Every structure is written in structure tokens, then in C-alpha cells.
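Throughout, residue positions are numbered sequentially from 1 according to the sequence presented. What you see is a predicted model, and the numbers here were worked out from it, not measured in a lab.
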Amino acid sequence: MISPYRQHRRILVASLVGTAVEFYDFYIYATAAALVFGPLFFPASSEAAQLMLSFLSFGLAFIARPFGAVLFGHYGDRIGRKSTLVVSLLLMGVSTLLIAFLPTYAMAGWIAPLLLCILRFGQGLGLGGEWGGAALLAVENAPPGWRARFGMVPQLGAPVGFLAANGLFLLLGMGLSEADFAAWGWRIPFLASAILVGLGLWVRLKINETPEFAQALEKDPPIPVPIGELIRNHALAAFAGTFAVVACFAIFYLSTAFALAHGTTTLGYDRETFLAVQLAATVFLVLGIIAAGVQADASSSARVLTWGCVATIGMGVMFGPLLGSGSLWLVWIALSFALFVMGFVYGPLGAWLPSLFPARVRYTGASVAFNAGGILGGAVAPVAAQALSEFGGTAIVGLYLTMAGMFSLAGLLLARRYEAR
């Protein structure tokens, strides 16, 4: 008997590549924001102010993502998953590539940060339609009993994209001086994104429409305005999904963008050492996603997500003290444990979040909920953590994760009420 993974390998690769590009693009921006964008694009009186402004530009894409979710969700629910995913990937890739060619503040004055923010918004707009479509591509092709395991495949794009981005920055740091990296080396990862985008487009152009969407179109014509239908009849599900995804975003960006900035400034570790520590910790994200996906098919996605939220609440208490301990081993343990827990609040989302919505508004519903949750969990996380660390050190930074876990647990309970109606 042919394995379902092998039978649907082209579909699964297409969903994996898209989210890998998404996390690669987002993380190269997050890393550049933590390391060089402050002085290059946002010169200010203090290093902390530069970093804060840099992280604010990072958060801009999260504001754009819900708009992208509505835009691409509209076409994804009306004309199909495949075509919409091709356009979203193209917009995301072009925006990322153009960042490589931007002038700095020293070259063009205020125009430089303005262009950076415009392209960052373009990144977010494209990304708004990416995750929802990639998740649907996987789960709407899944055979019975395999939805969570198929849904975890696009989630594995997160560690793949992170490893590619982090590994490239590590190689650049080892081969370039600080001056060369700040002058031109940071542009190379943005240029390299064209390779991943080209691969993603090539794979996606060869796939067919999902069978569930095709069957939905055979029964009824597409809804004229999917977002209107979502607000009228599925608002509670969208709210529940929004809260449920907060924890995964908070964990990822505190363990990556904030941790890197804090480790290379306040803690005083060199960039290459800390990047290597983060690379080693990412293995546990892969293990967490796989374990959660398998367990979710054995029990239920909601139950596994609940376990992950409870673990996030407890993990937040120890994250801050371990990160600020001064021991690189304890820092690695903190990041590894955090990313492993992230696997349990992220891996099952690919199957659970689309299940809240009928096929006719599923692209819009899953995309809006995921990206609105990204504002609460992702856009705010590095800025809030930076402000909290300035105020009271890393000991209170972990409390942000505890609060995020509570938000997501509340979302799961709200979803249970919606399903019981």
C-alpha cells in the first residue's frame, strides 16, 4: 500500500515550501532588525531607541497581514486555493527581494526608512494569504484520519525557513567582518530569497485544486463576499481562532528576534555564537511539531493544543530567568524548551483552525484568525519584551509568554462553545 505522504508528496511539498519561504522572509527581516537595521535605517540618540524603532518596522507586516488575509481569502474562497497561493507567494517574494536593493538613511535620508516600511507592508500583505492557503492545500487533500499529520507539514516550514535564514546569517558572520556585514553583507539573505520563491512557484504551478473546494463549488456557487459571510455567521469561530494562535507567535518571536537582540547586546555574546545556539534549539521545534501532529490524529487537535497552552503558561515563568542567567547552556535549554512547546501550540493549528469554518469561507476564516492572532502574539512580542527588559530585566519578559498561553487557552475554550452550538 502506498503511503499517503508519498501519494500526495507534490501537494505536501507545495504547502511546505510556501511556509518555509514565509518564515525565511520573516526571520531574515527579524534578524536584520535585531542586528543592523537600527543604525542603518533608524539613527537615534540611543542604541535602545534604534532597536525599538527597528522592531516597530518589523511589527508593521503583522498589521498588513489581516488585510492580506481578507484580500487573498476573498479570491481563495471564490476562484480557488492554487491560483491565490501563487499570487501571494509572488507578492511576498518580490517585496523581500527589493529590500536587498534599498538605500540606507545615510544615502537617502527619510526616504530609506519609508521604502523599507512600504516593502515590509508588502511582505505582510502577501504573507496574509500564505499560511491559510498552505494549510488548506494540505488538509483538504488529506485522507481520513490523516488531517493533523498532513496539517503539520506546512508547519514544518517554520523550522526549515528558520534554519535556512539563521544558517545563512551564521555563515555570513563567520566569513565577513562587522563592517562588511553592516555595509552590504546583510543584503545577501534578501537576495537569496529569490531561490526559495522560484522553487515554490515552480511546485505550485504543477498542482491541482483541492477536492474539498471543488466539491463545494459543485454544490453551490461561491459566496460573493466571503468576509461578509464570515462576520455574519462565523465571527465567534474567528475570535476563538485569533486567541488560540497568540501563543505560537509569542514563543517564536521571543525565542528568536528578541532573544538574539538581547543575547548580542545586554548579555554580550558574539553574533555567531548566539546564532549557533538558536540553530541547535530549532531541532526541538521540529520534534515538537511532529510529536504534536501524530498525537493530534491519535486523540484530537484541540486536546494537543490545550496541552501546549498549559505548558506555555508554566514555561513563561522560567523562560526569563534562564535567558538572563548568563550561562549559555541555560540559555540553550530555555530556547530549546520554548521551541519544543511551540510545536504543540503550532503543529496542530494546520488541522484545527480550518476545521472551525465550512469550505466556502475556510480560506478567509483561517487566514483572518491566524493573522489577527499574529498581531497580538507576534507584532507586539519583540517590542513589549524589549520594553519589559529595559524596565525590569528578563525575569518579567517570560510573563508575556504566560499571558500568551492564557489567551490561547481562552481561545480554545471559546471554540469549544462555538462547536457546541
Determine whether a donor-acceptor pair (N or O, by modelled atom type, separation under 3.5 Å) exists between the side chain of Ser15 and the backbone of Leu12. yes

Looking at Leu156, Leu339, Val160, which hits side chain to side chain contact (heavy atoms under 4.5 Å, CB included) with Val286? Leu156

Using side-chain heavy atoms (C-beta onward) and a distance below 4.5 Å, is Phe213 in contact with Tyr363? no

In this structure, is the centre-to-centre distance between the rings of Tyr29 and Phe37 below 6.0 Å? yes

Please confirm whether the backbone N or O of Val304 pairs with a side-chain atom of Gln295, one donor and one acceptor, at under 3.5 Å? no

Taking Arg204 for its side chain and Leu199 for its backbone only, find out whether a donor-acceptor pair lies under 3.5 Å. no

Side chain to side chain contact (heavy atoms under 4.5 Å, CB included), paired with Met315, selected from Val310, Leu322, Thr402, Ile251: Ile251

Roughly how far, to the nearest 0.5 Å, is CG of Asn371 from CG of Leu125? 10.0 Å

Hey, are the side chains of Ser300 and Trp352 touching, using non-hydrogen atoms and a 4.5 Å cut-off? no

In Å, rounded to the nearest 0.5 Å, how long is the span from CZ of Arg187 to CG of Leu172? 13.5 Å

Could you point out which residue of Tyr346, Phe249, Phe72, Phe370 forms a ring pair (Phe, Tyr, Trp, His ring centres under 6.0 Å) with Trp131? Phe370

Does atom CZ of Arg303 have more than 12 heavy-atom neighbours from other groups under 6.0 Å away? no

When the ring planes of Phe243 and Phe407 are compared, do they come out parallel, tilted or perpendicular, using 30° and 60° as the limits? tilted

In this structure, CG of Leu136 is separated from CZ of Arg362 (nearest 0.5 Å) by 6.5 Å

Test your reading of the model: is there a side-chain donor-acceptor pair from Arg149 to the backbone of Gly145, 3.5 Å cut-off? yes

Could Arg78 and Glu229 be called an ion pair, given the rule that one side-chain N must be under 4.0 Å from one carboxylate O? no

So does Tyr75 have more than 12 non-hydrogen atoms from other groups sitting under 6.0 Å from OH? no

For Thr19 and Leu16, indicate whether the former's side chain and the latter's backbone hold a donor-acceptor pair under 3.5 Å. yes

Please work out whether the ring planes of Phe121 and Phe67 are parallel, tilted or perpendicular, with thresholds of 30° and 60°. tilted

Between Arg81 and Glu140, does any NZ, NE, NH1 or NH2 come within less than 4.0 Å of an OD or OE carboxylate oxygen? yes

Check: Gly405 main-chain N/O paired with Thr312 side-chain donor or acceptor under 3.5 Å: no

Does CD1 in Ile195 sit with more than 12 non-hydrogen atoms of other residues, nucleotides or ligands closer than 6.0 Å? no

